[in-house]
Number of protein chains: 2
Amino acid sequence: MRRDVFQAIADPTRRAIILLIAIKAMTPNAIATHFDITRQAVSKHLRILTECELVKTEQSGREIFYELNGTKMLEVDKWLAAFRKLWESRFNELDQVLLTMKKNKQ
Amino acid sequence: MRRDVFQAIADPTRRAIILLIAIKAMTPNAIATHFDITRQAVSKHLRILTECELVKTEQSGREIFYELNGTKMLEVDKWLAAFRKLWESRFNELDQVLLTMKKNKQ
DNA sequence: TTTACATGCAACCAGTCAGTTGCAAATATA
DNA sequence: TATATTTGCAACTGACTGGTTGCATGTAAA
């Protein structure tokens with residue numbers, strides 16, 4: 001079973017859960033009230049998020065609080081970094097074009 | 001059929017294809033030589049990438065060149081931006097802790 | 001014109017996924 | 001202690017996915 005960050009954030013419900021608990025840690029029950037799916041379905045999403053370490057848990061009596069492990073998101077950020085270079089070089093090319101146009105004008 | 005950028009980059013083969021054509025535009029056949037799957041499978045991935053506008057095509061005779069539409073990746077970047085703020089505030093909290101420790105030391 | 005090549009599309013298949021219901025375990029409360 | 005609450009886990013289901021093979025279409029070359 002494949003279980004990486006990219007697959008985890010592919011599901012829109014999971015992305016919504018991530019945004020929710022990014023603000024403050026929440027229990028599965030509390031999270032489920034924000035969606036039209038059963039608590040068990042939310043729990044399954046939380047398990048997936050936990051398995052790929054995007055989320056950590058903290059037990060408090062019979063309640064379990066789920067909170068975001070923000071650093072794990074850096075993996076996606078790291079992958080995107082490769083393209084950031086590309087965008088910058090594209091912008092640099094555009095700069096070159098503008099510079100050439102300017103030069104020819106003078 | 002759901003078809004967004006997050007779902008598109010969830011598949012490791014598609015991420016590899018994206019990295020390949022980020023360097024230079026390529027034909028499906030050329031791309032397929034880099035993988036252990038059939039050309040048709042690659043074509044299906046390319047169709048998904050095209051449908052969510054991560055990739056654009058340019059016909060040249062009987063060949064079709066696929067090239068990356070880098071700007072579409074900004075959507076993922078935009079989503080991550082929300083968490084970047086979070087990381088920064090976490091670092092700020094850490095700064096506060098360090099500052100307090102320093103103050104108490106004096 | 002005939003042949004070879006590049007590609008997309010359709011049908012099929014096994015595995016995965018997101019959701020459901022039902023149930024057992026652990027903790028809080030009466 | 002008996003009851004209610006919170007949770008995780010297992011079994012099931014319909015839909016989707018990534019892969020395959022086969023075929024039709026369009027373009028280049030012989």
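Throughout, a chain's letter reflects where its sequence line sits, starting with A, and its residues are numbered from 1. Everything numeric here is computed off the predicted structure, so don't read it as measured data.
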Q: Does a nitrogen or oxygen in the side chain of R3(A) sit under 4.0 Å from OP1 or OP2 of dC17(C)?
A: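 Indeed, a polar side-chain atom of R3(A) lies that close.
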Q: Rounded to whole angstrom units, what separation is found between the CG atom of D36(B) and the C1' atom of dG19(D)?
A: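 Interatomic distance, CG of D36(B) to C1' of dG19(D): 13 Å.
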Q: Please map the stems of DNA chain D, keeping only stretches of three or more Watson-Crick or G-U wobble pairs with both distances under 3.5 angstrom.
A: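 The stems are C:1-30 with D:1-30.
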Q: Is it the case that the side chain of S60(A) and the backbone of E63(A) share a donor-acceptor pair, with hydrogens and angles ignored and the cut-off at 3.5 Å?
A: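 No: the side chain of S60(A) does not pair with the backbone of E63(A).
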Q: Grouping I, L, V, M, F, W and Y whenever their side-chain heavy atoms are under 4.5 Å apart, do I48(B) and I18(B) come out in a common cluster?
A: no
Q: To the nearest Å, how far apart are F35(A) CZ and dT20(C) C1'?
A: 17 Å
Q: Can you tell me how far P of dG18(D) sits from CD of E51(B), to the nearest Å?
A: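 It works out to 12 Å between those atoms.
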Q: Report, as a single string ordered 5' to 3', how protein heavy atoms within less than 4.0 Å touch nucleotides 1-7 of chain D: B base, S sugar-phosphate only, - not at all.
A: ---BBSB
Q: Are any side-chain N or O atoms of N69(A) and backbone N or O atoms of K56(A), one a donor and one an acceptor, separated by less than 3.5 Å?
A: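 Between the backbone of K56(A) and the side chain of N69(A) there is no qualifying donor-acceptor contact (under 3.5 Å).
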Q: Across the strands shown, which category fits L46(A) at heavy-atom distances under 4.0 angstrom: base, sugar-phosphate, nothing?
A: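 Result for L46(A) = nothing.
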Q: Provide, to the nearest angstrom, the distance between the CD atom belonging to E58(B) and the P atom belonging to dT27(D).
A: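 That distance rounds to 16 Å.
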Q: Decide yes or no for I9(B) and V76(B): does some side-chain heavy atom of the first lie under 4.5 Å from some side-chain heavy atom of the second?
A: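 Touching, per the 4.5 Å side-chain cut-off.
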Q: Got a donor-acceptor contact below 3.5 angstrom from the T38(B) side chain to the A41(B) backbone?
A: yes
Q: Scan R3(B), R14(B), K72(B) and name whichever one has a salt bridge (Lys or Arg N to Asp or Glu O under 4.0 Å) with E51(B).
A: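 The passing option is R3(B).
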Q: Just N and O in the side chain of H45(B): are any of them under 4.0 Å from OP1 or OP2 of dT17(D)?
A: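 It does not, given that no N or O in the side chain of H45(B) lies less than 4.0 Å from OP1 or OP2 of dT17(D).
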Q: How many whole angstroms separate atom CZ of R14(B) from atom C1' of dG19(D)?
A: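 R14(B) atom CZ is separated from dG19(D) atom C1' by 12 Å.
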Q: When you measure only distances, ignoring hydrogens and angles, does the side chain of K44(B) come within 3.5 Å of the base of dG8(C) through a donor and an acceptor?
A: no
Q: If you check every side-chain atom of R47(B), which of dC9(C), dC17(C), dT20(D) has the closest atom?
A: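 Shortest atom-to-atom distance from the side chain points to dC9(C).
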Q: Are any of the side-chain heavy atoms of T57(A) and F65(A) separated by less than 4.5 Å?
A: no
Q: Give a yes/no answer on whether the side chain of Q59(A) brings an N or O atom under 4.0 Å of OP1 or OP2 in dT27(C).
A: no
Q: Do H34(B) and M26(B) have side chains that approach each other closer than 4.5 Å (heavy atoms only, starting at C-beta)?
A: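 The answer is yes; the side chains approach within 4.5 Å.
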Q: Rounding to a whole Å, what distance do you find between I37(B):CD1 and dT17(D):P?
A: 16 Å
Q: Answer yes or no: are there more than 12 heavy-atom neighbours, outside Q59(A) itself, under 6.0 Å from its atom CD?
A: yes
Q: Nearest-Å distance, CD1 (I9(B)) to P (dG18(D))?
A: 13 Å
Q: Could you give the CG-to-P distance, from L49(B) to dG18(D), as a whole number of Å?
A: 10 Å
